[in-house]
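Since the structure comes first, as structure tokens, the remarks are kept for the end.
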Amino acid sequence: MDNTTGFSVEPPEAADAPSSESRRGFLKFAALTGAVVSMTANRALADGDIAFHAQDLSDEQLVDLFRTILKIRWHERTQADEMLSNPDYRGYNHFYAGQEAVASGVCATLRNSGPFDQIDVVYSSHRPSGHAIAKGVDIPRMCAENDFRATGLNGGYAAEMHLSDPDVGFIGADGMIGPSMPIATGSAFAFRARGSDQVSVVFGGDGTYATPHFHSALNNAKILDLPFIYVLENNLYHQYAHYTYSSPHKDIASAAAAYGIPSRVVDGQDVIQVYNAAKEAVDRARSGGGPSFIEAKTYRYYNHWGAPGAKAGELGAFGYDPLAITSFRPDREVRAWMQRDPVDIARRTLIEWGALDAAGAEAVEADVKAEIAAAFAWAAEQPLCTPEDGLEHVFTQGTVPARQFG
Amino acid sequence: MDNTTGFSVEPPEAADAPSSESRRGFLKFAALTGAVVSMTANRALADGDIAFHAQDLSDEQLVDLFRTILKIRWHERTQADEMLSNPDYRGYNHFYAGQEAVASGVCATLRNSGPFDQIDVVYSSHRPSGHAIAKGVDIPRMCAENDFRATGLNGGYAAEMHLSDPDVGFIGADGMIGPSMPIATGSAFAFRARGSDQVSVVFGGDGTYATPHFHSALNNAKILDLPFIYVLENNLYHQYAHYTYSSPHKDIASAAAAYGIPSRVVDGQDVIQVYNAAKEAVDRARSGGGPSFIEAKTYRYYNHWGAPGAKAGELGAFGYDPLAITSFRPDREVRAWMQRDPVDIARRTLIEWGALDAAGAEAVEADVKAEIAAAFAWAAEQPLCTPEDGLEHVFTQGTVPARQFG
Amino acid sequence: MTQKSWMYSVLEAVQWEMQNDPKMIWIFELTPPVASTPGRPVINLETEFGRKRVVNTGIDENWMASCCLGASLAGSPSATYIPYQGALMPFQVIQNVAGKLRHMTGGRASMPVTWIIEMTGQTPGFAGQHSCYEEDSYYAHIPGVRTVVPSTPFDAKGMMHASLRSPDPVVFLYPAGLRTLVEDVPDEPYEVSLEKAAVRMEGSDLTIVSSGAGMPEVVKAAETLRDEGMGVEVVDLRVLKEMDTDTLVNSVAKTKRLLTVDQSYFTLCPGAEVIARVATNVDGAKYKRVAFPDAPPPASPEMFLWMRPDADKIAGAARGLV
Amino acid sequence: MTQKSWMYSVLEAVQWEMQNDPKMIWIFELTPPVASTPGRPVINLETEFGRKRVVNTGIDENWMASCCLGASLAGSPSATYIPYQGALMPFQVIQNVAGKLRHMTGGRASMPVTWIIEMTGQTPGFAGQHSCYEEDSYYAHIPGVRTVVPSTPFDAKGMMHASLRSPDPVVFLYPAGLRTLVEDVPDEPYEVSLEKAAVRMEGSDLTIVSSGAGMPEVVKAAETLRDEGMGVEVVDLRVLKEMDTDTLVNSVAKTKRLLTVDQSYFTLCPGAEVIARVATNVDGAKYKRVAFPDAPPPASPEMFLWMRPDADKIAGAARGLV
Ligand SMILES: Cc1ncc(C[n+]2csc(CCOP(=O)(O)OP(=O)(O)O)c2C)c(N)n1
Ligand SMILES: Cc1ncc(C[n+]2csc(CCOP(=O)(O)OP(=O)(O)O)c2C)c(N)n1
Ligand SMILES: [Mg+2]
Ligand SMILES: [Mg+2]
């Protein structure tokens with residue numbers, strides 16, 4: 001359709017394409033019991049035309065993928081428990097449970113430590129804690145930040161929706177839908193301008209498709225050949241509307257492909273698929289091949305967000321959402337997706353690949369639980385903020401005057 | 001690529017597709033002498049798959065198409081002469097010469113008179129005078145407006161870039177690049193909501209492609225099936241940059257097609273081609289078939305804009321533009337396009353179709369010249385504005401206070 | 001008369017206008033046009049008027065606002081609810097197109113459009129983008145758009161009727177901090193002027209001027225001060241554009257003391273305009289200005305609550321002035 | 001020292017910074033980064049630094065501004081020139097992201113970004129969108145962004161050096177009405193503070209405060225008044241955020257008369273803030289405010305020139321005050 005485009009563009013059927021055989025063994029097809037359609041089965045899929053990068057990972061690296069998924073999951077479950085049971089807990093969260101494989105698979109392909117002028121940068125969304133953990137943010141300090149503590153990652157100024165840690169290239173969360181995408185292309189622009197092989201990645205939901213920023217980011221990334229990767233987590237809903245309310249595309253990736261940007265649809269529940277697509281995109285970006293787009297089909301288990309004082313099944317908690325009037329998530333849909341849990345899929349794959357055995361997996365999980373419990377315990381003991389500090393950090397130096405007293 | 005799309009999308013080669021034979025006679029192929037590539041020859045083309053609506057027009061209607069083109073052309077030439085020679089003349093203009101067939105062909109398919117709740121609306125750009133004339137705006141009052149006269153179309157408040165006449169459905173010019181497109185979808189939204197068969201048309205340049213508004217307008221028009229027609233006049237340049245600086249698409253129409261919007265590329269120098277594509281789009285919109293996109297490949301002869309006191313060949317006049325540093329229009333390119341003049345093409349087609357003979361064409365031209373000369377003469381005698389009136393029309397009623405005296 | 005919230009009152013006005021003008025449309029994004037109150041029917045514009053007239057869209061507030069503008073230009077009264085996260089997304093089109101269009105066309109453009117723009121603010125825990133209160137100043141600098149900020153359910157309903165009937169574009173600011181406020185509001189349609197401030201309390205020692213979400217704490221402070229024996233006059237601006245200078249000047253000409261209170265950032269908050277208008281018209285008065293500091297609100301409740309103007313701080317400032 | 005225009009001076013500073021920091025980038029749209037002046041080499045950033053660092057883009061000012069923000073967050077100082085037609089397109093990202101990001105991240109975000117934003121104004125014939133002067137107020141209400149509006153080539157160069165070296169985001173307003181101004185400007189790099197107003201003329205009868213495109217006519221009026229024997233003190237704000245209150249208060253504490261002059265619309269023009277700051281700090285002073293009315297500028301030169309503040313109107317207002 002567009003003869004300026006030399007790229008082979010991912011057709012929407014790609015996620016259903018036959019897998020290549022993996023060196024780690026041919027996996028049995030686990031039939032789906034749920035109502036999930038047009039998703040791949042529960043197996044470590046290599047698309048016919050994505051090189052199967054994950055097969056070359058060491059056992060340690062594969063276990064790390066699994067560990068990251070678990071950290072995100074246990075951080076969420078622990079925080080949800082705090083909200084439901086601890087009257088002193090104040091943090092809120094936009095839960096990521098169900099989507100963990102996306103952040104974990106993508107960030108495992110990035111440079112997450114080293115000097116600031118060499119690490120890759122990640123721009124996150126209003127749903128950042130999974131991305132933050134995967135990018136390597138210090139979890140205890142993140143827990144403290146989410147509970148508004150003075151020693152939190154951002155001194156209690158940020159809370160969940162503005163988490164930021166440039167030291168690990170986590171430029172940060174952004175509560176607005178849209179603006180982060182053009183901003184992320186700006187970091188990519190800087191990398192290209194100064195001849196660096198760094199890569200800029202933005203995570204966004206299906207809700208970002210309709211924003212005007214979608215066009216700006218993709219169009220400029222393509223024209224200027226920027227080392228930019230747009231990871232669109234299509235969890236089917238933007239707040240209270242199904243994505244078909246805002247997009248004429250079945251696969252949003254096809255909108256990106258129209259710009260001539262190599263675009264893939266992957267099963268976001270399968271960390272190996274995500275890893276493979278991300279690795280391909282990162283390799284392309286580093287070598288000057290320009291932008292890529294990855295649409296991960298995924299699902300969140302909980303409501304749009306949760307807050308302290310929540311009661312299960314009520315607004316802001318973990319059941320149906322009474323504000324969801326126009327369109328809401330059917331019970332069967334939630335259950336069907338839960339049957340394809342990213343933790344289970346990763347565990348099973350690793351066991352089948354022999355990277356881990358069942359006991360080993362349990363040990364990792366026990367480790368992670370302990371680490372997360374310790375993080376929350378540390379956070380709960382951190383000092384609260386000093387009121388007057390609110391006048392700091394407006395500019396690099398100095399404080400602004402108090403004005404609230406007249 | 002997108003299986004939600006049931007439409008057949010115009011391939012970029014369409015403009016080169018073989019023409020269907022016209023009832024009005026098989027036209028000889030007039031070989032091109034210039035360097036214009038990938039454009040159709042000088043003939044009344046019917047695309048293989050656009051119904052050849054124009055062949056069903058009466059001779060009077062065909063002559064009206066020609067007359068509109070001439071009005072625009074003579075308005076411009078007269079205004080340019082005023083700028084170059086009349087020290088009292090104050091109006092400026094973004095010239096449309098070279099592009100006349102686009103406005104003329106499109107507006108001939110619209111309802112341009114009648115009650116406000118039945119006429120079609122047109123949103124124009126910073127280059128509005130051609131669209132205004134084609135939509136039926138009163139030319140003498142437009143001339144007066146362009147010269148800041150109190151009895152001008154908009155009382156001297158508007159001048160060229162904000163010309164507006166709702167009585168003929170010319171909602172108006174807009175000097176900003178981008179905003180008019182979503183606004184135009186809003187009128188279409190209103191038509192659909194109230195069950196009217198009116199149509200909303202926006203004219204924009206190739207420069208509008210890169211704006212974030214492009215995505216907003218097309219995406220929402222498609223999702224909501226709006227009676228909206230986007231006419232993109234691709235004159236190859238947005239101010240001082242070739243359109244390839246801002247678009248990865250050879251045909252911008254392919255960007256629109258990606259939304260599932262029926263999209264066509266037409267030869268913008270040939271009013272018959274433009275008419276056919278517009279008629280198809282209007283028929284579709286009126287019958288509830290949703291939006292359409294038309295990319296007209298065209299060219300402007302003069303500089304981006306012209307102003308009084310101009311000298312030929314200098315900035316703001318009618319030669320090269322010294323501000324055009326990054327990319328400018330090569331002399332050969334300008335000459336090649338001038339060989340495919342929309343006035344000539346229309347005249348020749350009508351003569352070959354027998355709608356007019358050479359003498360008749362001259363008579364029409366003489367009429368038009370006289371009409372335009374009278375319009376400028378009338379305008380030049382209109383009163384100047386009253387300073388204090390600047391405080392009116394901020395709101396529907398009353399005036400705002402003067403503040404400039406303290 | 002029924003007890004109604006700000007939002008119920010607004011939707012009641014919208015519902016009446018939509019019932020009486022089949023051309024009218026409503027666009028929304030994440031906040032469905034639904035409200036309920038004891039003793040009155042639930043209002044749900046989407047189910048009542050159907051999806052051709054009431055549409056749930058994607059996350060593109062600039063399109064929402066532009067769509068309504070275009071609908072109004074085509075003769076359809078239109079309204080939209082822009083959630084606070086997108087409060088400035090449509091700024092350019094309102095400022096640069098809607099605000100100028102009537103004037104630029106010499107009076108030809110008619111724009112019966114109302115943008116309900118939510119302002120957050122006053123929510124501890126949500127940093128910056130999710131608890132700022134600042135839109136009042138940005139929108140109030142625009143000529144050609146009526147910018148109002150009703151602080152009571154009664155005003156909200158009456159000003160909504162007036163807005164929807166006006167051929168002028170209206171920015172109708174909704175301070176989300178007022179969402180729990182409830183008062184008796186007539187069930188019938190009525191209009192409240194888009195040009196007048198309201199004197200909420202009369203007194204001769206001191207004038208306090210505020211608006212929107214600032215009002216509840218101002219009224220609380222004023223009651224305390226009155227109990228202490230101070231003659232406090234409280235003015236609720238209600239209308240930011242065109243600001244009602246006469247009411248302000250008349251009050252301060254009497255009290256000779258002016259305290260302005262804003263939840264907006266200090267620099268160029270509405271109170272700055274109030275003081276400037278009064279100072280050029282009244283000689284020898286004394287002035288104080290309470291506002292949020294020129295800093296984004298931090299997430300930490302300790303910092304945020306200290307920075308936010310409240311009744312205690314307002315009363316303190318007033319005592320310092322009189 | 002060479003005679004230089006505002007824009008030559010700015011590009012000279014940018015050129016020096018780009019030569020000395022290979023990371024720095026520049027984005028433009030229709031205005032190429034080219035300037036010349038007699039006796040000095042032509043500056044052309046695009047040809048000097050190449051298209052990887054200096055890029056000509058499509059019409060998407062929000063992307064231009066966002067791209068520079070993202071580049072700065074990745075450690076590359078960055079600047080862009082936003083033409084006046086797109087002056088408010090990037091408003092939301094500057095207001096809601098850049099302005100809040102340092103604070104929201106507890107000081108972690110560093111943003112060495114400068115947005116040069118052209119303001120039109122003062123051009124008779126171009127209505128509304130093409131001759132408004134209004135951006136000063138919108139941008140100055142934002143916390144966390146330094147908003148400056150240099151009115152002389154000398155200040156423009158020194159403040160550009162300071163802006164590009166600052167880790168704070170800077171909105172650098174360029175009043176296009178100053179484009180013909182020329183003065184002696186050093187060829188070497190130097191900084192002018194981003195925090196200080198400038199006293200342009202000293203006197204003890206009256207303080208006139210203005211900024212940007214207002215300055216030339218204010219200076220003209222002040223010279224006339226001085227010749228008439230009035231002791232006029234002229235303050236050029238230069239910095240709108242953080243506004244230099246001390247200079248203002250000290251001046252009016254002496255003169256007891258304050259006249260503010262703005263080309264911006266009256267309501268919430270910078271002068272409103274100036275008056276409010278002074279009135280809360282100085283007792284018994286007298287005030288006047290000259291500004292463009294709360295109306296978009298009409299195309300007709302007769303209407304427009306009558307509405308625009310100029311030296312005659314300013315002098316008239318001053319005589320009425322003293
Ligand atoms: C500009 C803007 N408009 C509205 C919102 C309110 N909002 C917060 S999250 C959200 C939905 C986002 O959906 P999606 O991008 O799919 O991400 P998900 O929540 O599904 O992870 C909306 C509309 C916002 N944050 N920013
Ligand atoms: C938002 C915005 N940015 C910049 C401009 C300045 N400008 C005026 S016309 C123009 C070029 C428009 O190009 P195109 O859309 O191709 O129309 P053409 O002039 O070729 O008819 C530009 C950049 C503008 N009017 N609006
Ligand atoms: Mg989603
Ligand atoms: Mg063009």
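For the numbers below, each heavy atom of this structure counts, side chains included, while hydrogens, waters and symmetry mates do not. Just so it is clear, the model here is predicted, and its values are computed rather than measured. Below, read A as the first sequence line, B as the second, and so on, with proteins coming before strands; counting in each chain starts at 1.
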Of the listed residues ([options]), which shares the most heavy-atom pairs with chain A below a 4.5 Å separation?
options                            : value
K288(C), H130(C), Q85(C)           : H130(C)
G125(C), P309(C), G128(C), A295(C) : G125(C)
A291(C), A317(C), G58(C), P298(C)  : A291(C)

Within this structure, what is the [atom1]-[atom2] distance for the pair [X] and [Y], rounded to the nearest 0.5 Å?
X       : Y       : atom1 : atom2 : value
D147(A) : S300(C) : CG    : OG    : 10.5 Å
E61(C)  : M176(A) : CD    : CE    : 9.0 Å
F266(C) : Q404(A) : CZ    : CD    : 11.0 Å

With a 4.5 angstrom heavy-atom cut-off, could you sort out which part of [X] is near chain C: side chain, backbone, both or neither?
X       : result
H393(A) : neither
R149(A) : neither
T399(A) : neither
E388(A) : both
Y243(A) : neither

Top contributor to chain C interface from A210(A), G390(A), P387(A) [non-hydrogen pairs under 4.5 Å]
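Option with the top pair count is P387(A).
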Chain C shares the most heavy-atom pairs under 4.5 Å, among A159(A), G175(A), G155(A), with G175(A)
With a 4.5 Å heavy-atom cut-off, do [X] and [Y] have their side chains touching?
X       : Y       : value
I59(C)  : T211(A) : yes
M303(C) : Y157(A) : yes
W306(C) : L391(A) : yes
T57(C)  : S246(A) : no
R403(A) : M307(C) : no
E29(C)  : H238(A) : no
M161(A) : F126(C) : yes
H126(A) : Q129(C) : no

Over all heavy atoms of both residues, which pair between [X] and [Y] is shortest? Give the atoms and the distance, please.
X       : Y       : answer
F405(A) : V290(C) : C-CG2, 3.9 Å
P401(A) : P293(C) : O-CB, 3.6 Å
R51(C)  : Y245(A) : NH1-OH, 2.8 Å

Does K256(C), at its NZ atom, have more than 12 non-hydrogen atoms belonging to other residues, nucleotides or ligands within less than 6.0 Å?
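Buried by this count: over 12 neighbours within 6.0 Å.
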